[in-house]
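The structure appears right after this line, and notes come after that.
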Amino acid sequence: MSARVWRVGEDIDTDALAPGAYMKFGIDEIARHCLQRVRPDFASAVQRGDVLVAGPNFGIGSSREQAAAALVHLGVAAVIAPSFSGLFFRNAFNVGLLLLTCAQAEQLAEGEQVTLDLDHGLVRNEQGQTLTCEPVPDFLLDMVRAGGLLNLLKTRSRPS
């Protein structure tokens with residue numbers, strides 16, 4: 001999977017991803033304001049399949065599931081960061097958002113094309129550099145491929 005990189009810094013909280021002022025609206029409106037505080041251009045310019053690369057502590061703050069759902073709604077294929085909030089991590093996979101924990105994530109440059117090798121937990125950049133990510137368990141990859149936990153459960157509960 002090839003993707004364009006969008007960069008943000010460290011400590012991106014769930015309020016930056018799903019601003020509290022818009023939580024009374026649906027996901028369409030919440031997503032329109034995703035990251036507006038740190039990347040005003042993000043929600044209007046991100047393309048389906050792009051990846052978000054962040055510093056440590058991505059997704060800190062409240063447990064709002066809409067933070068991860070807004071990224072999915074915008075078509076973000078994955079978030080690559082050195083570390084994630086535990087609550088955000090769980091919410092992300094539940095809604096089908098791939099998270100790659102990569103100690104070297106900050107070596108990826110804004111706008112460059114990267115290739116994700118999910119089978120081996122690798123990210124390759126344009127210069128041929130390969131970054132190793134922590135392995136993602138198969139059951140979590142299954143959730144991402146299904147579009148989230150609910151979709152996965154629906155497919156598994158269908159009679160054969």
Side-chain angles (χ1 to χ4, degrees), residues 1-118 121-134 136 140-141 143-145 147-148:
M1 164 192 324
S2 182
R4 179 176 60 154
V5 170
W6 287 80
R7 290 292 315 256
V8 294
E10 61 187 31
D11 301 324
I12 299 296
D13 64 24
T14 54
D15 196 52
L17 297 163
Y22 302 97
M23 292 300 290
K24 62 185 171 197
F25 301 106
I27 196 65
D28 289 337
E29 186 67 17
I30 294 168
R32 273 195 281 280
H33 299 280
C34 183
L35 291 170
Q36 71 182 8
R37 184 176 78 212
V38 294
R39 288 290 308 254
D41 59 329
F42 181 75
S44 62
V46 68
Q47 299 290 312
R48 183 158 304 284
D50 288 352
V51 297
L52 187 59
V53 175
N57 303 318
F58 189 85
I60 59 173
S62 70
S63 64
R64 60 183 73 154
E65 190 175 81
Q66 294 90 337
L71 293 171
V72 170
H73 188 77
L74 292 171
V76 171
V79 180
I80 306 167
S83 61
F84 297 92
S85 155
L87 287 170
F88 181 83
F89 189 88
R90 191 68 217 169
N91 285 337
F93 282 98
N94 282 346
V95 298
L97 178 62
L98 176 64
L99 301 184
L100 295 173
T101 305
C102 181
Q104 305 160 311
E106 294 175 281
Q107 293 179 19
L108 299 171
E110 172 75 23
E112 78 175 318
Q113 291 289 318
V114 295
T115 302
L116 307 180
D117 178 345
L118 301 183
L122 302 174
V123 177
R124 291 183 183 87
N125 67 10
E126 293 174 322
Q127 295 74 36
Q129 180 183 21
T130 300
L131 308 179
T132 302
C133 303
E134 292 180 13
V136 178
L140 292 178
L141 287 175
M143 281 200 288
V144 169
R145 290 180 180 122

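For the numbers below, each heavy atom of this structure counts, side chains included, while hydrogens, waters and symmetry mates do not. Since this is a predicted model, take the numbers as computed values, not measurements.
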Evaluate the criterion side-chain contact (heavy atoms from CB on, under 4.5 Å) for residue pair Leu35 and Trp6; output intermediate values, then yes/no. CA-CA 11 Å; Leu35 291 170; Trp6 287 80; over 6 Å; no

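- Using a 4.5 Å heavy-atom cutoff, the side chains of Val8 and Phe42 are not in contact.
- Classified by interplanar angle (parallel below 30°, tilted 30° to 60°, perpendicular above 60°), the ring pair Phe93/Phe89 is tilted.
- To the nearest 0.5 Å, atom CD1 of residue Ile30 and atom CZ of residue Arg64 are 8.5 Å apart.
- Across all non-hydrogen atoms, the minimal contact from Glu126 to Glu112 is OE1-CB, 3.3 Å.
- In terms of heavy atoms, Gly59 sits closest to Thr14 at O-CG2, 3.5 Å.
- Side-chain contact between Leu118 and Val136 is absent, with no heavy-atom pair separated by less than 4.5 Å.
- Thr101 places none of its side-chain heavy atoms less than 4.5 Å from the side chain of Cys133.
- Between His33 and Tyr22, the ring planes lie parallel to each other; the angle is under 30°, not in the 30° to 60° tilted range.
- Within the 4.5 Å cutoff, the side chain of Pro19 has no heavy atoms near those of the Arg37 side chain.
- Note: Cys34 SG to Ile27 CD1 = 8.5 Å, rounded to the nearest 0.5 Å.
- With rounding to the nearest 0.5 angstrom, the OG atom of Ser63 is 14.0 Å from the CZ atom of Arg90.
- Looking at every heavy atom in both residues, Ala54 comes nearest to Ala105 through O-CB, 4.1 Å.
- Ala43 approaches Ala31 most closely through the heavy-atom pair CB-O, 3.3 Å.
- Summarising the geometry of Gly20 relative to Asp15, their closest heavy-atom pair is N-OD1, 2.7 Å, with the distance given to 0.1 Å.
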Would you be so kind as to tabulate the donor-acceptor pairs closer than 3.5 Å made by side chains of residues 72-80, with sequence neighbours excluded?
unit_1: His73; atom_1: NE2; unit_2: Asp28; atom_2: OD1; d: 2.7

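- The main-chain N or O of Glu106 is found under 3.5 Å from a side-chain atom of Arg7 such that the two form a donor-acceptor pair.
- Here the CG atom belonging to Leu140 is positioned 11.5 Å from the CG atom belonging to Leu97, to the nearest 0.5 angstrom.
- Side-chain contact check for Met143 versus Asn94: some heavy-atom pair is nearer than 4.5 Å.
- Distance check: Ile60 CD1 to Phe84 CZ gives 13.0 Å after rounding to the nearest 0.5 Å.
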Show your reasoning for whether side-chain contact (heavy atoms from CB on, under 4.5 Å) applies to Lys24 and Glu29. CA-CA 9 Å; Lys24 62 185 171 197; Glu29 186 67 17; over 6 Å; no

Kindly determine whether Thr132 and Leu122 satisfy side-chain contact (heavy atoms from CB on, under 4.5 Å), including the steps that lead there. CA-CA 5 Å; Thr132 302; Leu122 302 174; 3.8 Å; yes

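- Put simply, the side chain of Asn125 never gets that close to the backbone of Leu108: no donor and acceptor are under 3.5 Å apart.
- Here CZ of Phe88 is found 10.5 Å from CD1 of Ile12. Values are rounded to the nearest 0.5 Å.
- Between Glu65 and Asn91, the closest side-chain pair of non-hydrogen atoms falls below 4.5 Å.
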